[in-house]
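Heads up: the structure comes next, in structure tokens.
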Amino acid sequence: MKTSQEESLSTMQMLERMFQAEMAFMESEPKDICILANAFHPNVVVHEPTSLPYAGDWIGLEGIAGLMQKMSREFSNVSVEDLNYAGSPAKLYVACTLHLTARATGMSITQPFSQILRFENGLLIEGTPFYFDTTEIDAILKQRP
């Protein structure tokens with residue numbers, strides 16, 4: 001059953017709002033968790049791969065804020081393009097091109113990226129990202145320019 005918020009927002013609008021909230025939070029000083037509350041459910045959980053420096057399950061708005069702060073320390077630029085999706089807000093399959101620039105090394109990469117997302121009441125409640133090459137991401141974080 002769709003909620004009134006899900007009915008008022010298209011799937012693409014929910015995705016764009018989520019990515020915009022992530023980027024706005026990462027750029028904000030001081031970090032304002034209210035930015036995340038516009039796109040993330042209070043009980044959100046994001047499952048990051050164990051092979052990355054921000055590994056683990058990030059739970060709740062405070063957890064997502066911690067994840068975004070960690071990513072902000074690691075990357076000076078995070079952006080996506082060519083956003084595509086299939087499914088419904090209950091289980092959404094997302095694919096795009098991910099651009100990352102490591103803060104410490106200045107090195108950049110571009111690679112395919114996908115994730116499985118679940119939305120509830122128009123807000124992200126669960127996310128599982130799948131990076132194309134976590135070894136490449138780790139390498140740009142550690143190498144010298």
Side-chain angles (χ1 to χ4, degrees), residues 3 5-6 9-145:
T3 66
Q5 188 162 6
E6 285 173 340
L9 290 175
S10 72
T11 301
M12 184 57 85
Q13 288 171 320
M14 283 189 284
L15 287 171
E16 288 173 345
R17 184 175 65 178
M18 180 192 74
F19 284 122
Q20 288 169 353
E22 289 175 348
M23 300 309 159
F25 179 81
M26 288 173 68
E27 294 170 359
S28 70
E29 283 301 330
K31 300 296 182 206
D32 183 2
I33 200 167
C34 293
I35 294 170
L36 297 174
N38 292 324
F40 293 86
H41 192 280
N43 298 320
V44 65
V45 60
V46 172
H47 313 281
E48 289 287 350
T50 58
S51 56
L52 291 175
Y54 43 90
D57 289 344
W58 299 84
I59 301 169
L61 292 176
E62 291 289 334
I64 297 304
L67 171 61
M68 293 296 116
Q69 288 172 333
K70 179 93 171 145
M71 290 182 77
S72 182
R73 285 191 297 271
E74 297 289 347
F75 302 107
S76 61
N77 178 55
V78 176
S79 62
V80 298
E81 66 181 14
D82 300 325
L83 187 63
N84 293 285
Y85 66 89
S88 71
K91 192 166 195 179
L92 197 60
Y93 301 89
V94 178
C96 62
T97 301
L98 179 65
H99 303 282
L100 299 170
T101 302
R103 191 172 297 284
T105 66
M107 298 177 71
S108 297
I109 59 170
T110 298
Q111 60 179 242
F113 175 76
S114 63
Q115 53 189 334
I116 299 172
L117 304 174
R118 288 189 320 108
F119 288 86
E120 186 176 288
N121 298 325
L123 303 172
L124 183 73
I125 191 152
E126 184 177 23
T128 305
F130 297 92
Y131 298 86
F132 180 73
D133 188 343
T134 59
T135 301
E136 182 183 41
I137 294 170
D138 197 46
I140 69 162
L141 294 173
K142 294 178 180 173
Q143 290 181 1
R144 298 286 177 236

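Because the structure is a prediction, the values reported are computed rather than measured.
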Open item on the list: When you compare the side chain of Ile137 with that of Leu52, does any pair of heavy atoms fall below 4.5 Å?
Closed with: yes

Open item on the list: So, taking the atom named CD in Glu120 and the one named CD1 in Ile125, what distance separates them when rounded to the nearest 0.5 Å?
Closed with: 4.0 Å

- [ ] Find out whether Ile64 and Val46 are in side-chain contact, i.e. whether some heavy atom of one side chain is under 4.5 Å from a heavy atom of the other.
- [x] yes

Open item on the list: Using modelled atom types and a 3.5 Å cut-off, is there a donor and acceptor pairing between side-chain atoms of Arg118 and backbone atoms of Leu124?
Closed with: no

Task: Pairwise side-chain contact, Cys96 with Gln115, heavy-atom cut-off 4.5 Å (strictly under) - done: no

Open item on the list: Between Val78 and Leu98, does the side-chain contact (heavy atoms from CB on, under 4.5 Å) criterion hold? Intermediate values first, please.
Closed with: CA-CA 7 Å; Val78 176; Leu98 179 65; 4.2 Å; yes

Task: Distance-only side-chain donor-acceptor flag, Thr110 / His99, under 3.5 Å - done: yes

Open item on the list: So, taking the atom named OG1 in Thr128 and the one named CD in Glu48, what distance separates them when rounded to the nearest 0.5 Å?
Closed with: 9.0 Å

Open item on the list: Between Tyr131 and Phe113 (judged by ring centroids, cut-off 6.0 Å), do the two rings come close enough to count as a pair?
Closed with: yes

- [ ] Would you check if the side chain of Arg17 reaches a backbone N or O of Gly122 as a donor-acceptor pair within less than 3.5 Å?
- [x] yes

Open item on the list: Using side-chain contact (heavy atoms from CB on, under 4.5 Å), reason through Ile116 and Tyr93 one step at a time and then give a plain yes or no.
Closed with: CA-CA 5 Å; Ile116 299 172; Tyr93 301 89; 3.9 Å; yes

Task: Backbone N/O of Gly106 and side chain of Thr101: donor-acceptor pair under 3.5 Å - done: no

Open item on the list: Donor-acceptor check, side chain of Asp32 to backbone of Cys34, threshold 3.5 angstrom: yes or no?
Closed with: yes

Task: Atom pair CZ/OH of Phe75 and Tyr54 - distance to nearest 0.5 Å - done: 4.0 Å

TODO: Kindly indicate, with the supporting measurements, whether the criterion side-chain contact (heavy atoms from CB on, under 4.5 Å) is fulfilled by Gln111 and Thr97.
DONE: CA-CA 6 Å; Gln111 60 179 242; Thr97 301; over 6 Å; no

Open item on the list: Could you measure the distance from the CG atom of Asn121 to the CE atom of Met14? Nearest 0.5 Å is fine.
Closed with: 10.5 Å

TODO: Answer whether the closest heavy-atom distance between the side chains of Arg73 and Arg103 falls below 4.5 Å.
DONE: no

- [ ] Using only heavy-atom distances, determine whether the side chains of Glu126 and His47 contain a donor-acceptor pair under 3.5 Å.
- [x] yes

Task: Side-chain heavy-atom pair Ser51, Thr135 within 4.5 angstrom cut-off - done: no

Open item on the list: Show the nearest heavy-atom pair for residues Lys142 and Asp138, with the distance to one decimal.
Closed with: NZ-OD2, 3.0 Å

Open item on the list: Counting C-beta onward and ignoring hydrogens, is there a side-chain heavy-atom pair between Phe119 and Leu92 closer than 4.5 Å?
Closed with: yes

TODO: Given side-chain contact (heavy atoms from CB on, under 4.5 Å), test Leu15 with Val94 step by step and report yes or no.
DONE: CA-CA 9 Å; Leu15 287 171; Val94 178; 3.8 Å; yes

Task: Interatomic distance, Glu22 atom CD to Glu27 atom CD [nearest 0.5 angstrom] - done: 12.0 Å

Open item on the list: Distance check, rounded to the nearest 0.5 Å: Thr11 atom OG1 versus Leu117 atom CG?
Closed with: 11.0 Å

Open item on the list: The test is salt bridge (charged side-chain N to carboxylate O under 4.0 Å, His left out); show your working for Lys31 and Glu29 and say whether it passes.
Closed with: CA-CA 5 Å; Lys31 300 296 182 206; Glu29 283 301 330; 3.3 Å; yes

Task: Nearest non-hydrogen partners of Pro49 and Ala55, listed with the distance - done: O-CB, 3.1 Å

- [ ] For residues Ile35 and Ala21, report the shortest heavy-atom separation together with the two atoms involved.
- [x] CG2-O, 3.5 Å

Task: Side-chain touch Leu100/Asn77, heavy atoms, less than 4.5 angstrom - done: no

Open item on the list: Quick check: closest heavy atoms across Gly63 and Trp58, and the distance to 0.1 Å?
Closed with: O-CE3, 3.1 Å

Open item on the list: Heavy-atom count check: over 12 atoms from other residues, nucleotides or ligands less than 6.0 Å from Gln69 CD?
Closed with: yes

Task: Any donor-acceptor N/O pair, Glu74 side chain to Met71 backbone, under 3.5 Å - done: no

TODO: Please tell me if the side chains of Leu83 and Met12 come closer than 4.5 Å, counting only heavy atoms from C-beta onward.
DONE: yes

